[in-house]
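Here the structure comes first, spelled out in structure tokens, and everything after it is commentary.
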Amino acid sequence: MAYNEFAYFYDELNGEADYDALFGYVAGQLQEHGVQDGIVVDLGCGTGDLTLMLAQCGYDMIGVDQSAEMLSVLREKAAELGVSDGLLLLQQDILDLDLYGTIRAAVSTFDTFNHIGPRERFEKAIEKAAFFMEKDGVFVFDLNTPYKHSQILAGQSFTIECPDAVCCWSNQYDPQAGRVDIAVSIRYSDPPEECREQFSEYTYEQAYVTEVLERYGFTVACVRDGETFGPLRPDSQRYIFTAIKQYTQQGENQQ
């Protein structure tokens with residue numbers, strides 16, 4: 001899934017997100033588990049607010065996203081902040097991730113990995129992240145919970161209004177498929193034009209995610225509420241995983 005026209009509404013959609021709290025938690029997890037510096041990849045970086053905050057903190061950041069439009073917005077932000085020289089942007093599908101070497105850590109936020117499914121694709125994405133991870137590397141990523149899909153998003157719609165366009169977003173939940181189908185319509189006023197995009201989010205239970213991580217050499221260090229960063233609750237809408245790689249891929253291949 002790649003946001004195209006919707007890229008320019010992405011920051012508006014996430015306008016209420018507490019990026020400072022998100023950055024504080026993610027950076028804290030990296031540092032707590034020994035990643036003080038080095039190469040960190042942001043998988044599905046979008047317009048890059050977290051990417052840039054980590055770059056300003058001293059990490060050598062790689063931003064990966066399918067959407068050229070998302071990366072274009074991120075590139076403009078990086079230039080304004082003067083951090084372009086320390087930032088590598090790659091237009092890639094996470095399923096075809098191809099980095100230039102190993103990484104100290106990976107991060108992925110705002111439910112990027114929910115969009116990858118179904119399960120065989122999700123598992124391949126975890127495998128790809130694991131392949132480039134150094135031993136003791138840290139993977140911090142979030143997912144929308146099954147509770148959010150079934151109780152919050154199901155059947156809901158909302159509208160984002162901007163000066164020159166209106167974006168309408170609607171959700172349909174399929175419990176048998178474990179999937180939320182999302183339709184986005186963007187109507188521009190000058191000149192009059194309408195664009196449509198469709199994509200889906202897939203539901204993954206916590207136990208299943210843990211099993212996949214362990215299959216590809218990670219140990220789950222903790223799972224927290226992805227909005228409050230406190231303990232998980234039955235009605236948590238997002239969870240955030242911290243997983244530690246137990247060996248390098250090279251080490252695995254030599255076994």
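Only a predicted model underlies this, so the values are computations on that prediction, with no experimental measurement involved.
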Between [X] (side chain) and [Y] (backbone), is there a donor-acceptor pair under 3.5 Å?
| X | Y | value |
| --- | --- | --- |
| S72 | A68 | no |
| H115 | F199 | no |
| E194 | I186 | no |
| D42 | G63 | no |
| Q92 | D98 | yes |
| D111 | N114 | no |
| S150 | P146 | yes |

Quick one: pull up [atom1] in [X] and [atom2] in [Y] and give me the separation to the nearest 0.5 Å.
| X | Y | atom1 | atom2 | result |
| --- | --- | --- | --- | --- |
| C45 | F110 | SG | CZ | 12.5 Å |
| T51 | Q56 | OG1 | CD | 11.0 Å |
| L213 | F241 | CG | CZ | 6.5 Å |
| L88 | I39 | CG | CD1 | 9.0 Å |
| D235 | T145 | CG | OG1 | 8.5 Å |
| D174 | H149 | CG | NE2 | 12.5 Å |

Using a 4.5 Å cut-off on heavy atoms from C-beta on, say whether the side chain of [Y] contacts that of [X].
| X | Y | result |
| --- | --- | --- |
| L97 | F132 | yes |
| T203 | R179 | no |
| D60 | V40 | no |
| Y188 | V166 | no |
| V184 | C167 | yes |
| L43 | V107 | no |
| M133 | I103 | yes |
| R75 | L89 | yes |

As a quick check of understanding, evaluate side chain to side chain donor-acceptor pair (under 3.5 Å) for N144 and Q237, giving each step before the final call. CA-CA 6 Å; N144 280 338; Q237 295 186 34; over 6 Å; no
Closest contact, heavy atoms only, [X] versus [Y]:
| X | Y | result |
| --- | --- | --- |
| L54 | M61 | CB-SD, 3.6 Å |
| L95 | A125 | CD2-N, 3.6 Å |
| M70 | T47 | SD-CG2, 3.5 Å |
| S236 | P231 | OG-O, 4.5 Å |

Restricting to side chain to side chain donor-acceptor pair (under 3.5 Å), what partner residues turn up for D142, sequence neighbours left out? none
Indicate yes or no: does [X] engage [Y] in a salt bridge with an N to O separation below 4.0 Å.
| X | Y | answer |
| --- | --- | --- |
| E123 | R215 | yes |
| K245 | E134 | no |
| R104 | D37 | yes |
| D225 | R238 | no |
| K77 | D49 | yes |

Would you say the rings of F122 and Y204 are close, in the sense that their centroids are separated by under 6.0 Å? yes
Hey, any chance [X] and [Y] share a hydrophobic cluster, counting ILVMFWY side chains that come within less than 4.5 Å of each other, even indirectly?
| X | Y | result |
| --- | --- | --- |
| F229 | V140 | yes |
| V180 | I152 | no |
| Y173 | Y147 | no |
| L90 | F141 | yes |

Hey, does the Lys NZ or Arg CZ of R224 hover above the aromatic six-ring of Y239, less than 6.0 Å from the centre and inside 45° of the axis? no
Could you go through residues 25-36 and list every donor-acceptor pair under 3.5 Å that involves a side-chain atom there, pairing it with any protein atom two or more places apart or in another chain?
unit_1, atom_1, unit_2, atom_2, d
Q29, OE1, T242, OG1, 2.8
Q36, NE2, Q31, O, 3.1

For the pair F158 and W169, name the ring-plane relationship: parallel under 30°, tilted 30 to 60°, perpendicular over 60°. parallel
Would you find more than 12 non-hydrogen atoms of other residues, nucleotides or ligands less than 6.0 Å from D96 atom CG? yes
R233 atom CZ, over 12 foreign heavy atoms within 6.0 Å: yes
